[in-house]
Amino acid sequence: ETGVTQTPRHLVMGMTNKKSLKCEQHLGHNAMYWYKQSAKKPLELMFVYSLEERVENNSVPSRFSPECPNSSHLFLHLHTLQPEDSALYLCASSQLLLAGGYNEQFFGPGTRLTVL
Amino acid sequence: GQQLNQSPQSMFIQEGEDVSMNCTSSSIFNTWLWYKQDPGEGPVLLIALYKAGELTSNGRLTAQFGITRKDSFLNISASIPSDVGIYFCAGVGYGGSQGNLIFGKGTKLSVKP
């Protein structure tokens, strides 16, 4: 596997279900991100993990719970979601520069989530 | 908060035509990125711009970082059917965290053979 992979690619769940999305990066990066992509809206940053610590949470509802067990893996645990949470969930990774500055984010293919 | 205005929202062009799209902001950015997203896939980075005035090419694609640091454009020359997709601009602002990547709403490109 190369790049950033995400599983599953498609997920349909009921509002009372608990599910998890998985992301794995094979690029040796030390920062990982979750984004939500809804129709006709810009990509929304949900969570940022840098060196396995969460550094940013853009006021995401608690029904979304991220987990970053190591620098290569990122999970998004889902519980009691609402139909409006249906969207494409994208994972990305990048390499932080210790001296400051930004390295490009590389995206996975996404998980298409439908909440019934 | 910081926002990017990307235009046009969509384009329908004939194969072989040139394409131009742009992003503007009321805020200054220190990095501009252009991504392309194919249906069912995640965005793929096309071009990254790091300095005001920088002009960078990637094959038939050319992008520029505006002198004011508040805008960027992407040009595609001699379009082909595989150019179809959604193109996103993204910017990183001054003082932002590593995760502070702001995206435009995208330009959907359709190419008629």
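Chain letters run A, B, ... following the sequence lines, proteins first, then strands; residues in each count from 1.
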K.L.:
What is the minimum heavy-atom distance between Glu41(B) and Leu88(A), and which atoms define it?
P.N.:
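Taking every non-hydrogen atom into account, O-CD2, 4.4 Å.
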K.L.:
Would one find more than 12 heavy atoms of other residues, nucleotides or ligands at under 6.0 Å from atom CD of Gln9(B)?
P.N.:
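Not more than 12 within 6.0 Å, no.
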K.L.:
In terms of hydrophobic clusters joined by side-chain contacts under 4.5 Å, are Val60(A) and Leu81(A) together?
P.N.:
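Yes; tracing contacts between hydrophobic side chains, which count when under 4.5 Å, links both residues.
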K.L.:
For each of Gly104(B), Gly106(B), Gly42(B), Gly40(B), tally heavy-atom pairs with chain A at distances under 4.5 Å, and name the one with the top tally.
P.N.:
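Among Gly104(B), Gly106(B), Gly42(B), Gly40(B), the one with the most close pairs to chain A is Gly42(B).
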K.L.:
Heavy-atom distance under 4.5 Å between the side chains of Leu43(A) and Pro43(B), does that happen here?
P.N.:
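Side-chain contact under 4.5 Å: yes.
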K.L.:
In this structure, are over 12 heavy atoms from other groups packed under 6.0 Å from Gln14(B) atom CD?
P.N.:
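Above 12, so yes.
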K.L.:
Between Gln37(B) and chain A, with a heavy-atom cut-off of 4.5 Å, which part of the residue counts as in contact: side chain, backbone, both or neither?
P.N.:
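Side chain only.
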K.L.:
Are Tyr35(A) and Val48(A) linked, directly or through intermediate hydrophobic residues, by side-chain heavy-atom contacts shorter than 4.5 Å (ILVMFWY only)?
P.N.:
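Result: yes, single cluster for both.
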K.L.:
Name the member of Lys41(A), Arg112(A), Arg9(A) that forms the most heavy-atom pairs with chain B at distances under 4.5 Å.
P.N.:
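Top count of heavy-atom pairs under 4.5 Å with chain B: Arg9(A).
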K.L.:
Count the heavy atoms of every other residue, nucleotide or ligand shown that sit under 6.0 Å from NZ of Lys105(B), and state whether that count exceeds 12.
P.N.:
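Atom NZ in Lys105(B) is not crowded, with 12 or fewer foreign heavy atoms closer than 6.0 Å.
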K.L.:
Do Phe88(B) and Gln37(A) pass the side-chain contact (heavy atoms from CB on, under 4.5 Å) test, and can you show the C-alpha distance, the side-chain angles, and the key distance before you say yes or no?
P.N.:
CA-CA 12 Å; Phe88(B) 293 97; Gln37(A) 186 176 35; 3.3 Å; yes
K.L.:
Evaluate the side-chain proximity of Leu101(B) to Tyr33(A): yes if any heavy-atom separation is below 4.5 Å, no if none is.
P.N.:
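Not touching, per the 4.5 Å side-chain cut-off.
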K.L.:
Are Val115(A) and Met46(A) connected in the hydrophobic side-chain network, where two residues link if heavy atoms are under 4.5 Å apart?
P.N.:
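Val115(A) and Met46(A): one cluster.
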